[in-house]
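This report concerns only the one structure given below.
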Amino acid sequence: MIDASAKDHLHGRLRRDREALLWKLDGLSAYDARRPLTATGTNLLGLVKHVATVEARYFGEVFERPSPEPLPRWQDSDGGDLWATEDETREQIIAFYRRTWDHADATITALPLDAPGHVPWWPRPHAGTNLFAVLVHVLGETVRHAGHADILREGLDGRTGLRPEHEAPIDEAARAAHRARIERAAGPAAPTTA
């Protein structure tokens with residue numbers, strides 16, 4: 001009984017956090033969705049493309065249920081899943097992610113939590129795994145990157161949050177006062193110059 005409950009709970013969280021990640025693209029210009037926002041090039045559309053690729057691999061290859069999406073061999077990965085090329089549109093990447101959800105959801109639904117899998121890119125002896133471990137791993141990846149997306153989006157236009165129904169209007173004065181309060185608390189820890 002706990003297995004079914006755990007599986008449903010983890011799968012539900014994955015579905016929720018997928019939507020949160022996609023929501024970070026809502027209302028952005030094509031440029032803001034894809035431009036590098038950190039020194040390492042992290043960008044919102046690239047995060048979505050990356051998480052889609054992660055799901056396609058983990059819920060596909062690992063359980064011998066290859067993704068219907070064309071993917072380069074994992075051995076040939078060059079970081080191209082972390083950004084959108086000039087030829088890729090936001091709509092194409094979102095559609096790829098949604099198709100990947102369907103395939104991943106079918107794998108999660110079809111297999112028990114103890115279904116064996118093999119992750120060839122994990123070091124030995126960890127390559128042998130099961131659906132439970134992969135579901136937790138992919139959920140962690142999704143949450144991590146949704147958090148990145150939240151920070152990037154806040155930097156673009158101040159919007160934050162997990163879901164649109166919980167978003168409150170931005171109160172710039174309240175935000176500035178809150179930030180100033182935190183800065184005052186941090187001030188004594190600032191290094192002094194001699």
Side-chain angles (χ1 to χ4, degrees), residues 11 13-108 117 119-123 134-135 137-167 169-170 172 175:
H11 197 184
R13 292 293 301 253
L14 179 60
R15 287 180 173 128
R16 181 197 74 176
D17 293 328
R18 288 169 175 163
E19 292 289 348
L21 178 58
L22 274 188
W23 179 51
K24 297 304 168 182
L25 295 173
D26 281 1
L28 288 179
S29 69
Y31 176 68
D32 281 342
R34 63 194 311 133
R35 71 183 171 114
L37 296 167
T38 69
T40 59
T42 306
N43 61 92
L44 289 163
L45 195 54
L47 289 173
V48 171
K49 183 179 173 183
H50 173 68
V51 173
T53 303
V54 165
E55 276 203 41
R57 289 201 190 289
Y58 277 98
F59 294 116
E61 296 170 52
V62 168
F63 297 101
E64 297 182 1
R65 298 170 60 93
S67 171
E69 299 295 321
L71 298 171
R73 294 176 341 131
W74 65 266
Q75 300 94 325
D76 299 332
S77 178
D78 63 358
D81 68 325
L82 293 166
W83 56 281
T85 67
E86 296 87 352
D87 299 335
E88 293 174 311
T89 67
R90 174 188 344 216
E91 293 75 20
Q92 288 170 327
I93 290 173
I94 290 172
F96 164 51
Y97 194 23
R98 289 190 184 278
R99 289 189 307 271
T100 296
W101 294 0
D102 292 340
H103 185 259
D105 289 348
T107 297
I108 294 165
V119 185
W121 50 90
W122 284 2
V134 167
L135 190 50
H137 178 79
V138 172
L139 179 58
E141 281 281 316
T142 305
V143 169
R144 177 177 179 238
H145 294 309
H148 293 150
D150 198 38
I151 291 167
L152 294 177
R153 183 63 190 254
E154 181 180 353
L156 284 171
D157 62 8
R159 289 181 68 186
T160 62
L162 182 62
R163 296 192 302 258
E165 63 268 22
H166 297 296
E167 186 176 27
I170 297 169
E172 294 293 343
R175 281 189 176 178

At what distance, to the nearest 0.5 angstrom, does [atom1] of [X] lie from [atom2] of [Y]?
| X | Y | atom1 | atom2 | value |
| --- | --- | --- | --- | --- |
| Ile93 | Arg90 | CD1 | CZ | 10.0 Å |
| Glu154 | Arg175 | CD | CZ | 5.5 Å |
| Leu25 | Arg153 | CG | CZ | 8.0 Å |

Shortest non-hydrogen separation from Thr107 to Arg65 and the atoms involved: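 Shortest heavy-atom separation between Thr107 and Arg65 comes out as OG1-NE, 2.8 Å.
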
So, do [X] and [Y] sit near enough that their side-chain heavy atoms are less than 4.5 Å apart?
| X | Y | value |
| --- | --- | --- |
| Leu14 | Ile108 | yes |
| Asp157 | Asp32 | no |
| Thr53 | Thr100 | no |
| Asn43 | Arg35 | no |
| Leu22 | Arg98 | yes |
| Glu141 | Val51 | no |
| Arg99 | Pro68 | no |

Keeping [X] on the side-chain end and [Y] on the backbone end, is there a donor-acceptor pair under 3.5 Å?
| X | Y | result |
| --- | --- | --- |
| Thr142 | Asp17 | no |
| His11 | Leu135 | no |
| Arg34 | Leu45 | no |

Arg15 and Asp105: CA distance, side-chain angles, deciding distance, side-chain contact (heavy atoms from CB on, under 4.5 Å) verdict: CA-CA 9 Å; Arg15 287 180 173 128; Asp105 289 348; 3.9 Å; yes

Ring pair (Phe, Tyr, Trp, His ring centres under 6.0 Å) contacts touching residues 79-98 (sequence neighbours left out):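 For residues 79-98: Tyr97-Trp101.
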
Parallel, tilted or perpendicular, as decided by the 30° and 60° cut-offs, for the rings of Trp121 and Tyr58: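 The rings of Tyr58 and Trp121 stand perpendicular, inter-plane angle above 60°.
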
Residue pairs involving residues 48-59 (criterion salt bridge (Lys or Arg N to Asp or Glu O under 4.0 Å); sequence neighbours excluded):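 The answer is Arg18-Glu55, Lys49-Glu88, Arg57-Glu61.
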
Lys24 vs Asp150, side-chain contact (heavy atoms from CB on, under 4.5 Å): CA-CA, chis, key distance, verdict: CA-CA 7 Å; Lys24 297 304 168 182; Asp150 198 38; 2.6 Å; yes

